[in-house]
Amino acid sequence: MTQETATQTAAPGAAEVPPTMKALVLLGPGEYEIQEVPTPKPAGDEVLCRVKAVAICGTDPKIVAGKFPGMWPPGYPFIAGHEWAGEVVALADGLEGSVKLAARFAPGTRVAGEAHKGCGICSNCMTGHYTVCLNYGDAASGHRHYGFTAQGAYAEYIVSSIKSVTPLPEGLTYHQGAMLDSAGVALHGVQRGRVTTGDVVLVTGPGAVGNFSFQYSRASGARCVIVLGRGPRLEQAVQMGAIGVDYEKVADPVARVIELTGGYGADCTIECAGTQQAIDWAVKCTRKGGRLVMAGLPTQTIEVPWGPMTLAELDILGVRANPNTAAPALALMANGMVTTEGIHTHTFPLVQFGEALATFVERRGGAMKVVLEP
Ligand SMILES: [Zn+2]
Ligand SMILES: [Zn+2]
């Protein structure tokens with residue numbers, strides 16, 4: 001990350017950019033503090049944005065705790081955070097030369113950010129699969145993973161490639177924009193699972209990605225969406241129209257799902273829990289020839305029943321983040337087909353990061369997505 005201390009020239013009409021900013025700086029595993037650090041300066045295809053809202057991702061508590069040594073973050077000090085929305089305040093000089101881009105990302109433009117920016121050159125990037133960029137982590141290639149390998153959004157300002165910011169549709173708030181990461185992952189899973197008109201969909205794990213998976217499946221024409229889970233998160237999905245199966249209340253959750261699907265299982269199952277039990281259920285609840293989308297990220301080694309999966313000819317589809325989904329994910333929020341209500345539950349100022357993190361991790365007060373305001 002390049003940082004300069006000189007006051008940056010603000011575009012006409014834009015607020016002046018101060019030379020330093022407040023940021024939540026990680027100093028070591030489990031160690032962090034709010035510091036005054038140099039405001040980053042945009043270069044190449046980057047814009048500088050004032051972060052207005054940044055949501056805590058399920059990965060963030062592990063990054064903060066130092067569970068991925070040498071990888072996320074690659075070193076200390078480091079600024080994490082990637083589920084953000086904010087306002088463009090300055091463009092890199094190169095971008096100002098492009099009339100179209102300077103207009104699309106003019107200072108004052110409200111945007112939502114994306115964590116991944118591919119190198120743009122490798123064969124995966126060239127075919128749109130930039131979240132599985134072959135030059136991952138090689139900053140010199142142009143690759144960025146904001147909040148993981150490059151400076152993130154737990155700060156007043158962030159620089160981002162214009163490839164990784166999408167203008168917020170009118171009517172959407174910054175808080176809704178900060179839900180884009182979870183929403184985009186869900187939409188990518190729905191697209192990977194080829195959910196289409198009339199499908200019976202099963203979602204396992206009704207957290208934020210699970211709830212959005214239910215909503216984007218419904219918006220994609222699913223005839224019904226069954227959600228397998230428990231507690232207030234399951235209740236939330238049921239209130240929104242999902243068919244709930246509470247594994248704490250039914251004797252045999254698999255039998256119940258099979259019964260609800262007319263004896264065949266789901267056309268497409270979107271697994272969002274990442275646990276051994278949920279993955280076992282997901283396999284058993286998917287019909288022969290069906291699609292099984294793996295959107296949950298297991299933190300331990302999982303035993304996978306390959307025999308039954310092979311004989312059932314299941315299509316197994318991995319999900320890495322949210323490529324090419326920002327515009328449609330936001331559009332469906334803007335037109336009301338998908339809601340963030342009940343998913344974004346808590347908001348804190350960035351200076352209360354510790355309390356916000358504990359609220360998120362311990363699910364205090366039914367917390368699902370917790371937003372920080374730098
Ligand atoms: Zn995330
Ligand atoms: Zn690439």
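We count ligands from 1, going down the list as the structure has it; atoms in each ligand are counted the same way.
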Arg320 NZ/CZ over Tyr136 ring centroid, <6.0 Å and within 45° of normal: yes
Residues Tyr157 and Gln151: side-chain donor-acceptor under 3.5 angstrom: no
For the student: nearest non-hydrogen atoms of Val225 and Arg218, plus distance: CG2-N, 4.2 Å
Where Pro169 and Ala334 come nearest, the two heavy atoms and their spacing: CB-CB, 3.7 Å
Tyr247 and Trp281 aromatic ring geometry - parallel, tilted or perpendicular at 30°/60° bounds: tilted
Mutual orientation of the aromatic rings belonging to Phe148 and His82 [parallel < 30°, tilted 30-60°, perpendicular > 60°]: tilted
Vertex the Zn ion (ligand 2), arms to Cys122 SG and Cys133 SG, rounded to 10°: 120°
Apex the Zn ion (ligand 2) - arms SG from Cys125 and SG from Cys119 - angle rounded to 10°: 110°
Whether Asp267 side chain and Val200 backbone form a donor-acceptor pair below 3.5 Å: yes
Total protein N/O/S atoms whose distance from the Zn ion (ligand 1) is less than 2.8 Å: 4
